[in-house]
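Notes to accompany the following structure.
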Amino acid sequence: MKSLKISISIIFVAFLVFSQLGATALAEKQSAPNAPASPVNLQIPNLAFDEDSITLVWDKPENYRDIVDFNVYMNGKMIQLTLIISK
């Protein structure tokens with residue numbers, strides 16, 4: 001049972017990584033001219049996930065002054081609101 005949970009977690013992580021590639025291309029194509037930039041270099045650190053959670057890290061975009069939070073989406077549905085703590 002534990003190996004099944006680990007396998008499902010690995011599949012989930014792989015799905016998140018590959019979906020990021022498509023989301024980045026879509027975000028670049030649909031961005032408004034004055035919209036804030038998307039985060040860059042999305043990563044999942046080693047051991048940063050388990051059956052119930054996952055930690056994502058990214059670099060702030062070049063122009064980030066107007067950004068106060070990020071919405072995290074999966075399959076077009078918002079799953080998390082992430083506030084920026086420090087700049």
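Any value given below was found using the heavy atoms of this structure, including those in side chains, with hydrogens, waters and symmetry copies removed.
In the hydrophobic clustering of this structure, Val72 does not group with Val40; members are Ile, Leu, Val, Met, Phe, Trp, Tyr whose side-chain heavy atoms approach within less than 4.5 Å, directly or through other members. Hydrophobic clustering (side-chain heavy atoms under 4.5 Å, transitive across Ile, Leu, Val, Met, Phe, Trp, Tyr) keeps Val57 apart from Leu47. Both Phe49 and Trp58 belong to a single network of hydrophobic side chains, linked directly or stepwise wherever heavy atoms of I, L, V, M, F, W or Y lie under 4.5 Å apart.
Enclosure of atom CD in Glu62 is not indicated, since only 12 or fewer non-hydrogen atoms of other residues, nucleotides or ligands lie within 6.0 angstrom.
Closest approach of Thr55 to Pro45, counting heavy atoms only: O-CD, 3.5 Å.
Residues Ile44 and Leu56 are in side-chain contact: their nearest non-hydrogen atoms beyond the backbone lie under 4.5 Å apart.
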